[in-house]
2 protein chains.
Amino acid sequence: MLKTKKGEQDLSTEERIKEAAKKLFTQQGFEATKTRDIAEAAGINLALLNYYFRSKKKLFELVMKENIQLFLGVIVEHFENKNLSFEEKVAFVADHYIDMLLENPDLPSFVQQHIKTRPAPGEEAKGPAAQKIQLIRKYFIEDIEDGIKRGIYKDVHPMHVMANLMGLIIWPFTSTTMLMAKAGISNRKEFERMMHERKKLIPMWIQAMFRK
Amino acid sequence: MLKTKKGEQDLSTEERIKEAAKKLFTQQGFEATKTRDIAEAAGINLALLNYYFRSKKKLFELVMKENIQLFLGVIVEHFENKNLSFEEKVAFVADHYIDMLLENPDLPSFVQQHIKTRPAPGEEAKGPAAQKIQLIRKYFIEDIEDGIKRGIYKDVHPMHVMANLMGLIIWPFTSTTMLMAKAGISNRKEFERMMHERKKLIPMWIQAMFRK
DNA sequence: CATAAATTTAAACAAATGATTAAATGTCTT
DNA sequence: AAGACATTTAATCATTTGTTTAAATTTATG
């Protein structure tokens, strides 16, 4: 059986390249991913990468943009909803975010690895990623400080709450490679079951840590 | 004023190369670090890198080994101490580990990024990193399961406890670049103060989450 | 069908990169 | 001081890597 010319899936070559690039960039980072690897993974001629996307860097920036939206977009959407209480937001984020990360487990390492550019001293950070993070921070601080004033939450810096929530959700994914690879938890299923458990546990833990 | 021939610090050239390599590898990873960058950072002739360490890969493996020891060694040492209660271990680890990470903030991302080799299916993971992680897991599970049996701790999978402790300690460091760079927390001092606070907070949080 | 446009291919280029070589310089021992 | 050994240097090599080119092929259009 021969592969037909259009072969593989019925994605356009442009989409095939982008998907292959996203997979490799996300798994291995910019430097470790070679244009020839992308071409091979996409099943296309090397020159087509430049034909459609001009350069490796341009292609990476496209992937980056989509990953940032995936990684930060969901949180922003949930936290700007004024109709939800803080604890409802926590439950929503824990639930949806863990689902999303189970399907994109390499996302956290990728984002952490590539958002490294500090804004010039005295200047504001620009760009979609910066704006999203600032928004998340803003909503978060508003909610927590409100809870503290009303005597519901213990008086801690809101950043602790934010760091703990994000850490409890995301940390297992950034360390999973390490733990799974080296500690004999070769059982992917077991990891997934644990993460589903955490959807319900994390909201309880946040309460236990920060409610008076 | 001229730099003397031996110049810079009074480290041997071999040590200078290793230190420069450690800094760059740890910050940027293997692929992004070029041998010429290392040579320039160390202030040595390019050929000396190969003269002393044979190859970039060999040099990297050396740095990797030292970083693994730094990253996992402390935890193992504390957790294999049979004279401490679990909660004393937690307090010790939180305290010492945060201090160490404040001096080596790029360590977590580095280790996460480079421990990716899974053991072959059915096979055991070997090597110093694997052994250390397995040890930590073992001690951890023993302590928690003991606490659960004695009715002191809630009945949750020990991996949740381990993931949460490590996450609360390490997560701020893997996300600090992101938060500091993009969210306007340009204040390194503020971050450090927060991390010192967490030394005392984390043991309390662990209790709040897992004690009956 | 014929022609223009879009897409794909094989080949090649220039720069970057890890490594090596042979000569030069430095250090140590006797 | 002389010779042996270790260290350092400048130059060069062979590959790898991102990109370009020109021709071939396919697809769209009149």
Side-chain angles (χ1 to χ4, degrees), chain A residues 2-67 110 113-114 116, chain B residues 2-67 110 113-114 116:
Chain A
L2 290 174
K3 292 182 184 175
T4 56
K5 193 85 182 262
K6 269 281 174 173
E8 307 281 323
Q9 299 92 12
D10 62 346
L11 295 171
S12 71
T13 47
E14 185 170 356
E15 288 169 319
R16 289 235 304 278
I17 297 171
K18 206 190 68 188
E19 290 309 310
K22 180 182 280 190
K23 184 180 166 192
L24 293 178
F25 279 142
T26 306
Q27 281 177 355
Q28 313 175 340
F30 178 78
E31 303 277 355
T33 301
K34 313 300 178 184
T35 54
R36 283 168 178 80
D37 298 338
I38 297 174
E40 189 184 13
I44 53 107
N45 184 289
L46 175 60
L48 290 179
L49 190 155
N50 297 82
Y51 177 76
Y52 282 107
F53 298 96
R54 295 206 43 92
S55 74
K56 180 190 177 188
K57 191 146 172 269
K58 285 271 200 310
L59 177 53
F60 177 81
E61 279 159 9
L62 191 70
V63 169
M64 183 68 165
K65 202 172 167 184
E66 293 191 8
N67 277 348
F110 172 85
Q113 197 186 335
H114 291 97
K116 294 205 173 178
Chain B
L2 291 175
K3 291 183 185 175
T4 56
K5 195 88 180 258
K6 268 284 175 174
E8 308 279 323
Q9 300 90 14
D10 63 346
L11 295 171
S12 71
T13 47
E14 185 171 356
E15 288 169 320
R16 290 236 302 279
I17 297 172
K18 204 189 70 189
E19 289 309 310
K22 180 183 281 191
K23 185 180 166 192
L24 293 178
F25 279 142
T26 307
Q27 280 178 356
Q28 314 175 340
F30 178 78
E31 303 277 354
T33 301
K34 312 300 177 184
T35 54
R36 281 167 177 81
D37 299 337
I38 297 174
E40 189 184 11
I44 53 107
N45 184 289
L46 175 60
L48 290 178
L49 190 154
N50 297 83
Y51 177 76
Y52 283 107
F53 299 96
R54 296 208 41 93
S55 75
K56 180 189 176 189
K57 191 146 171 269
K58 285 271 200 311
L59 177 54
F60 177 81
E61 279 160 8
L62 191 69
V63 169
M64 182 67 164
K65 201 172 167 183
E66 293 190 8
N67 276 349
F110 173 85
Q113 200 186 334
H114 291 98
K116 294 206 172 178

Asker: In whole Å, I'd like the distance from the CG atom of A:N45 to the P atom of D:dT25.
Answerer: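 After rounding, the reported distance stands at 14 Å.
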Asker: Is a donor from one side chain sitting under 3.5 angstrom from an acceptor on the other, for B:T26 and B:N67?
Answerer: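 A donor-acceptor contact under 3.5 Å links the two side chains.
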Asker: Of B:R36 and A:A47, whose nearest nucleotide on DNA chain C comes first from the 5' end?
Answerer: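 The residue whose closest nucleotide sits nearer the 5' end is A:A47.
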Asker: Taking B:T33 for its side chain and B:L24 for its backbone only, find out whether a donor-acceptor pair lies under 3.5 Å.
Answerer: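 Side chain of B:T33 to backbone of B:L24, a donor-acceptor pair under 3.5 Å: yes, one is there.
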Asker: Here's a test of your reading of the structure: between A:Y51 and B:F30, which maps to the more 5' nucleotide of DNA chain C?
Answerer: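 With A:Y51 and B:F30 compared, the 5'-side residue is A:Y51.
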Asker: Going from CG on B:L49 to OG1 on B:T13, what distance comes out if it is rounded to the nearest 0.5 angstrom?
Answerer: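 Going from CG on B:L49 over to OG1 on B:T13, the span is 11.0 Å.
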Asker: Does any residue of residues 55-66 of chain A have a heavy atom under 4.0 Å from DNA chain D, and if so, which ones, in number order?
Answerer: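 Heavy-atom contacts with DNA chain D come from A:S55, A:K56.
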Asker: Starting at CD1 of B:I38 and ending at C1' of C:dA19, how long is that distance when rounded to a whole Å?
Answerer: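 It works out to 13 Å between those atoms.
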Asker: Rounded to whole Å, how long is the line connecting atom CZ of B:F53 with atom P of C:dT20?
Answerer: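 It works out to 15 Å between those atoms.
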Asker: Between A:R54 and B:L46, just flag the one whose closest nucleotide in DNA chain D comes earlier from the 5' side.
Answerer: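 On the 5' side of the pair lies B:L46.
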Asker: Using the salt bridge (Lys or Arg N to Asp or Glu O under 4.0 Å) rule, collect all pairs that involve residues 21-31 of chain B, keeping only residues at least two apart or in two chains.
Answerer: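 Matches after skipping sequence neighbours: A:K34-B:E31, B:K22-B:E66.
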Asker: Tell me whether the side-chain N/O atoms of B:T35 come closer than 4.0 Å to OP1 or OP2 in C:dT17.
Answerer: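 For C:dT17, neither OP1 nor OP2 has a side-chain N or O of B:T35 closer than 4.0 Å.
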Asker: With a sphere of 6.0 Å drawn around CD of B:E40, does it hold more than 12 non-hydrogen atoms of other residues, nucleotides or ligands?
Answerer: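 Result for CD/B:E40: open.
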Asker: By ring-ring contact (aromatic ring centres under 6.0 Å, His included), which residues pair with B:F60, not counting sequence neighbours?
Answerer: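 By the ring-ring contact (aromatic ring centres under 6.0 Å, His included) rule, B:F60 matches B:F25, B:F30, B:F110, B:H114.
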Asker: How many Å lie between NZ on B:K34 and C1' on D:dT16, as a whole number?
Answerer: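 Roughly 10 Å, once rounded to whole Å.
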Asker: What is the distance, to the nearest angstrom, from the CD atom on B:E40 to the C1' atom on D:dT8?
Answerer: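 Nearest whole value for this atom pair: 18 Å.
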Asker: Examine D:dT8: is either OP1 or OP2 under 4.0 Å from a nitrogen or oxygen in the side chain of B:T13? Give yes or no.
Answerer: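 Affirmative; the distance criterion is met.
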Asker: Round to a whole Å and report the spacing from CD of B:E31 to P of C:dG18.
Answerer: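 Distance check: B:E31 CD to C:dG18 P gives 9 Å.
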Asker: Would you check if A:F53 and A:K18 make a side-chain contact, meaning some heavy-atom pair closer than 4.5 Å?
Answerer: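 Yes, their side chains come closer than 4.5 Å.
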Asker: Going by the rule side chain to side chain contact (heavy atoms under 4.5 Å, CB included), which residues pair with B:E15 if we only count those two or more places apart in sequence or in a different chain?
Answerer: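 With sequence neighbours excluded, B:E15 shows a side chain to side chain contact (heavy atoms under 4.5 Å, CB included) to B:L11, B:S12, given in chain and number order.
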Asker: Once you apply a heavy-atom cut-off of 4.0 Å, does A:L49 come out as touching a base, just sugar-phosphate, or nothing?
Answerer: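 Result for A:L49 = nothing.
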Asker: Nearest-Å distance, CG (B:L48) to C1' (C:dA22)?
Answerer: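 Computing the B:L48:CG to C:dA22:C1' distance gives 15 Å.
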Asker: Would you kindly give the CZ-to-C1' distance between B:R16 and D:dT7, to the nearest whole Å?
Answerer: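 Whole-Å distance recorded here is 13 Å.
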Asker: With B:N45, which residues qualify under side chain to side chain contact (heavy atoms under 4.5 Å, CB included), at least two apart?
Answerer: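 Listed in chain order: B:A47, B:L48.
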Asker: Considering only heavy atoms, which members of residues 17-25 of chain A lie under 4.0 Å from some atom of DNA chain C?
Answerer: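 Here the set is empty: none.
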Asker: How far does CG of B:L62 sit from CD1 of B:I17, to the nearest 0.5 angstrom?
Answerer: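 These two atoms lie 11.5 Å from each other.
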Asker: Would you say a side-chain N or O of A:N50 is under 4.0 Å from OP1 or OP2 of D:dT19?
Answerer: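 Looking at the OP1 and OP2 atoms of D:dT19, one of them is under 4.0 Å from a side-chain N or O of A:N50.
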Asker: What contact category does B:Y52 fall into here, base, sugar-phosphate, or nothing, at under 4.0 angstrom with non-hydrogen atoms?
Answerer: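 The answer is sugar-phosphate, as B:Y52 gets under 4.0 Å only of primed atoms, P, OP1 or OP2.
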